[in-house]
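Here's the structure we're looking at; comments come further down.
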Amino acid sequence: MKNATANRRLTLLVMRDAQHSVKQIHLSKPLLLAVPAAAVLSLSGLVLAIQAHSSQAISNLEQKVTLEQLKNIQLQSSITSREQSIERLQTEIIKLSSQAKDMQLKMQHVDQLEQQLQKFIDKHKISMSTDAPADKASSLSWDASEHVGGEYIAVHENDMLDLARETKDDFQEMQELLKTMESNIPHTLKKAQETQVQIAGNPTVWPTASKVMTSSFGYRTDPFTGKAAFHAGIDIAGDNGGPVYAAGAGKVITAEESGARGRYIVIEHPGGLQTWYMHLSKILVNIGDTVDKRQQIAQLGSTGRSTGPHLHFQVVKQDKPVNPLPYIRSDNSLN
Ligand SMILES: [Zn+2]
C-alpha cells in the first residue's frame with residue numbers, strides 16, 4: 001500500500017474496491033518519521049502513567065503500613081504502661097507484705113506482754129480481790145485474731161493502686177495503735193507489779209503457829225495492875241521458841257530489846273502499815289533486812305512485861321495502833 005516515488009516525499013495509494021477510484025496520499029519523510037516517534041512517545045506516556053499509578057498505589061500501601069506500625073507502637077506503649085502499672089502494684093504489694101510481717105512481730109510482742117500481764121494478774125487474783133481494788137489492767141484484753149483483716153473488697157485494675165494506698169494507710173493507722181499499746185502495756189504491767197508488791201506487803205499472814213488468842217485489841221483490864229488499860233495489839237499464846245512469821249513482806253526497821261516490849265521487831269510494809277512483834281525469845285533478822293511474807297523472823301518467847309510465852313502482835317497505821325484481826329483473820333494458810 002505504500003510506494004516511494006521521490007527522495008523527500010512518499011506517496012500512499014489507497015484502493016478500496018473496483019467501483020472506487022484509487023486515492024493518492026503524499027507524505028513527507030519527516031512526517032513519516034514522526035508517526036513512530038509519536039507512537040513511541042505515547043507508549044512512554046502510558047508507561048509513565050502506569051508508573052505514576054503504581055507509585056500512587058505503593059504510596060497508599062506505604063501509608064497503610066505506616067498507620068499499622070503506628071497502631072502497633074501505640075499498642076506496645078499501652079502494653080508497656082500496663083506492665084509498668086503491674087510492676088508498681090507488685091512493688092506496693094511487696095511493701096505491704098513486709099509491713100504486715102513487721103506488724104505481725106509487733107503484735108506478737110504485744111501478745112507476749114499481754115500474756116505476761118495476764119499470768120501475773122491470774123497468779124495474784126485472790127489476794128488482789130481481797131486486798132486491793134481490782135486493777136484496771138485485768139479488764140485489758142486484746143485478741144490479735146479478732147482485730148486484723150477487715151471486709152473483702154473486689155479489686156478492679158484501675159482501683160488497684162488506690163486500694164493498695166488505702167490499705168497502706170490502714171496499716172499505718174494500725175501501727176500507730178500498736179505503738180500506743182506497746183508503750184501502754186508495759187506501763188500497766190509496771191502498775192500491776194507495784195500493786196502486787198503492795199499486796200505482798202499487806203500484813204495478811206497469821207504470825208505464829210498457834211491460834212490461841214489470850215488478849216484482844218482494845219480496852220482491857222491490865223494483867224499486872226488490874227486496872228483498865230488500852231491494849232494496842234493482840235496476844236497469841238504459844239510455845240517458847242515457836243516460830244514467828246512476818247505477816248507481810250517488808251523491811252525490818254527495828255530489831256532490839258527494850259523494857260516492857262522485851263525483844264521486839266518492827267516491820268514496815270510498802271503500803272505504809274507497820275507490824276510489831278513483841279516478847280520474842282530470839283530475833284532472827286537485822287535492821288534493814290527485807291523480809292518476805294511468811295518468812296520466819298523470830299522465836300516466840302516471854303521477854304519484857306509478860307506473864308508467859310506469847311506473841312504480842314500489833315498493826316500500826318499512820319502511827320496509830322489498829323485492830324490487827326481484820327488484816328489477818330482470813331488467813332488460813334497455817335492451819
Ligand atoms: Zn499484848
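Just follow the structure's listing: the first ligand is 1, and inside any ligand the first atom is 1. Here the structure is a predicted model, which is why all the values come from computation and not from measurement.
Scanning both residues, A246 and V291, for their nearest heavy atoms gives CB-CG2, 4.1 Å.
At a cut-off of 2.8 Å, H231 coordinates the Zn ion (ligand 1) through an N, O or S atom.
Scored by the side-chain contact (heavy atoms from CB on, under 4.5 Å) test, R263 finds E257, L280, I283, T303 as partners (sequence neighbours excluded).
The backbone N or O of A298 lies less than 3.5 Å from a partner atom in the side chain of Q296, making a donor-acceptor pair.
In H312, the N, O or S atom that comes nearest to the Zn ion (ligand 1) is ND1. When distances from the Zn ion (ligand 1) to the N, O or S atoms of D235 are compared, OD1 comes out shortest.
Among residue pairs with one or both ends in residues 304-326, those qualifying as salt bridge (charged side-chain N to carboxylate O under 4.0 Å, His left out) are D222-R305; sequence neighbours excluded.
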